[in-house]
Amino acid sequence: PVNRRVAVNALEMIGMIPDTTENGELAVKTLQSLSPETYKAVLMDLEMPVMDGYEAAQRIRNDRRFDSL
């Protein structure tokens, strides 16, 4: 939670509007439930609970809808 808050603050300071989830599984589900154009980038902690960042990133990369992400 502390690292997430620091990252969110840093991104907000440069004008971005960050969105967060508590774990990798929720990150993938959130991304898949929205239009592929909703997000311009995904920053991910590699040591998230439920599904780590490595697996979450692989699932996102395997989904052709997000080739430009």
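This chain uses plain numbering: 1 for the first residue, then up along the sequence.
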Quiz item: Between R59 and E25, is there a salt bridge with N-O shorter than 4.0 Å?
Solution: no

To the nearest 0.5 Å, what is the distance between [atom1] ([X]) and [atom2] ([Y])?
X   : Y   : atom1 : atom2 : result
L69 : T38 : CG    : OG1   : 10.0 Å
D45 : N23 : CG    : CG    : 11.0 Å
Q58 : D52 : CD    : CG    : 11.0 Å

Quiz item: Can you list the other members of the hydrophobic cluster that holds L43, where links are side-chain heavy atoms under 4.5 angstrom apart?
Solution: L11, I14, M16

Quiz item: In the hydrophobic cluster built from side-chain contacts under 4.5 Å, what are the other members alongside V50?
Solution: none

Can you hop from [X] to [Y] via hydrophobic side chains spaced under 4.5 Å?
X   : Y   : answer
V42 : M51 : yes
L31 : L26 : no
V6  : I17 : no

Quiz item: Which atoms form the tightest heavy-atom contact between G24 and A56, and what is the distance?
Solution: O-CB, 3.9 Å

Exercise. Evaluate whether atom CG of N9 has more than 12 neighbouring non-hydrogen atoms of other residues, nucleotides or ligands under 6.0 angstrom away.
Key: yes

Quiz item: Within a radius of less than 6.0 Å around OH of Y39, do more than 12 heavy atoms belonging to other residues, nucleotides or ligands occur?
Solution: yes

Practice problem: For M48 and E22, run side-chain contact (heavy atoms from CB on, under 4.5 Å): C-alpha distance rounded to whole Å, both residues' side-chain angles, the deciding distance at 0.1 Å, then the answer. | Solution: CA-CA 8 Å; M48 292 182 291; E22 289 73 32; over 6 Å; no

Quiz item: What residues form a side chain to side chain contact (heavy atoms under 4.5 Å, CB included) with Q32, not counting sequence neighbours?
Solution: V28, D63, R65, F66

